[in-house]
Undergrad: 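The structure is given below, and queries will be raised subsequently.
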Amino acid sequence: QVQLVESGGGLVQAGGSLRLSCAASGSIFSILNMGWYRQAPGKQRELVAAITSGGTTNYGDSVKGRFTISTDNAKNTVYVQMNSLKPEDTAVYYCNVDGVVVGTLEPFVSWGQGTQVTVSS
């Protein structure tokens, strides 16, 4: 049982910044990948940013150069720093973790509850 708790969403003006946090807790586990996805009403969920256990990152085309993903392994936490926000960034942002349970090596995927980011023009 791995739970994700997201925080940091809110309302911000265009050009502003937010940092989202996602903390994983529960079972003893090893994380393989952590990432952020977002979904706006009527649209498909899309990749925002992801990072592997080896530190490799990838970003959605629409956020490249503006967003940065990072981790704090001691806290089992992933962050995304979002700068130069645009109204088109308005969406619900979801944290995602893929990993295995230590000992059993049972794979799991877990999603956060979602946090609203609203960017006003």
Undergrad: Can you check whether T115's main-chain N or O pairs, donor with acceptor, with E6's side chain at less than 3.5 Å?
TA: yes
Undergrad: So how far is it from S30 OG to D98 CG, rounded to the nearest 0.5 Å?
TA: 11.5 Å
Undergrad: For residues A91 and A40, report the shortest heavy-atom separation together with the two atoms involved.
TA: CB-N, 3.9 Å
Undergrad: Would you indicate whether the side-chain heavy atoms of N58 and T56 approach each other to under 4.5 Å?
TA: no
Undergrad: Below 4.5 Å, heavy atoms only, C-beta onward: do T77 and T71 meet side chain to side chain?
TA: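 Of all side-chain heavy-atom pairs linking T71 with T77, none is under 4.5 Å.
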Undergrad: Is any side-chain heavy atom of K86 closer than 4.5 Å to one of V119?
TA: no
Undergrad: Just wondering, do V80 and V78 contact through their side chains at under 4.5 Å, heavy atoms?
TA: no
Undergrad: Is a side-chain donor-acceptor pair under 3.5 Å present for S62 with R38?
TA: yes
Undergrad: Taking the side chain from S110 and the backbone from V2, do they hold a donor-acceptor pair closer than 3.5 Å?
TA: yes
Undergrad: Does NZ or CZ of R45 come closer than 6.0 Å to the centre of the six-membered ring of W36, within 45° of the ring's axis?
TA: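 No, a cation-pi geometry is absent between R45 and W36.
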Undergrad: Please report the shortest heavy-atom distance between G9 and L20, naming the atom on each side.
TA: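 That would be N-CD2, 3.5 Å.
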Undergrad: Show your reasoning for whether side-chain hydrogen bond (donor to acceptor under 3.5 Å, both in side chains) applies to E88 and T90.
TA: CA-CA 5 Å; E88 66 192 63; T90 296; over 6 Å; no
Undergrad: So which atom in Q39 and which in K43 form the shortest heavy-atom distance, rounded to 0.1 Å?
TA: NE2-O, 3.1 Å
Undergrad: Can you tell if the side chain of L4 reaches within under 4.5 Å of the side chain of V97, non-hydrogen atoms only?
TA: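 They are in contact (side-chain heavy atoms under 4.5 Å apart), so the answer is yes.
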Undergrad: Rounded to the nearest 0.5 Å, what separates atom CD in Q113 from atom SG in C22?
TA: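 So the CD of Q113 and the SG of C22 are separated by 8.0 Å.
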Undergrad: Look at the rings of Y94 and W111 and say which category their plane angle falls in: under 30° parallel, 30 to 60° tilted, over 60° perpendicular.
TA: perpendicular
Undergrad: To the nearest 0.5 Å, what is the distance between OG on S53 and CD1 on I31?
TA: 9.5 Å
Undergrad: Is Y37 reaching over with its side chain to a backbone N or O of A49, donor-acceptor style, under 3.5 angstrom?
TA: no
Undergrad: Is Y79 reachable from V63 through a run of hydrophobic residues whose side-chain heavy atoms are each under 4.5 Å from the next?
TA: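 The answer is no; the residues belong to distinct hydrophobic clusters.
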Undergrad: Picking from I69, V48, I51, what satisfies side chain to side chain contact (heavy atoms under 4.5 Å, CB included) with Y59?
TA: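 That would be I69.
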Undergrad: The test is side-chain hydrogen bond (donor to acceptor under 3.5 Å, both in side chains); show your working for N83 and S17 and say whether it passes.
TA: CA-CA 4 Å; N83 298 327; S17 298; 2.9 Å; yes
Undergrad: Give the intermediate values and the outcome of side-chain contact (heavy atoms from CB on, under 4.5 Å) for residues Q116 and Y93.
TA: CA-CA 6 Å; Q116 178 71 46; Y93 285 69; over 6 Å; no
Undergrad: Hey, does the side chain of S27 reach the backbone of F29 with a donor-acceptor pair shorter than 3.5 angstrom?
TA: no
Undergrad: Is V109 linked to L47 within one hydrophobic cluster, defined over Ile, Leu, Val, Met, Phe, Trp and Tyr using a side-chain heavy-atom separation of less than 4.5 Å?
TA: yes
Undergrad: Could you pull out the closest heavy-atom pair between R66 and D89, with the gap in Å?
TA: NH1-OD2, 2.8 Å
Undergrad: Could you check whether any side-chain heavy atom of Q81 comes within less than 4.5 Å of a side-chain heavy atom of L18, counting everything from C-beta outward?
TA: no
Undergrad: Transitively linked via ILVMFWY side-chain contacts under 4.5 Å: V101 with M34?
TA: yes
Undergrad: If Ile, Leu, Val, Met, Phe, Trp and Tyr residues are connected whenever their side-chain heavy atoms lie under 4.5 Å apart, and connections chain through other members, are I28 and V100 in the same group?
TA: no
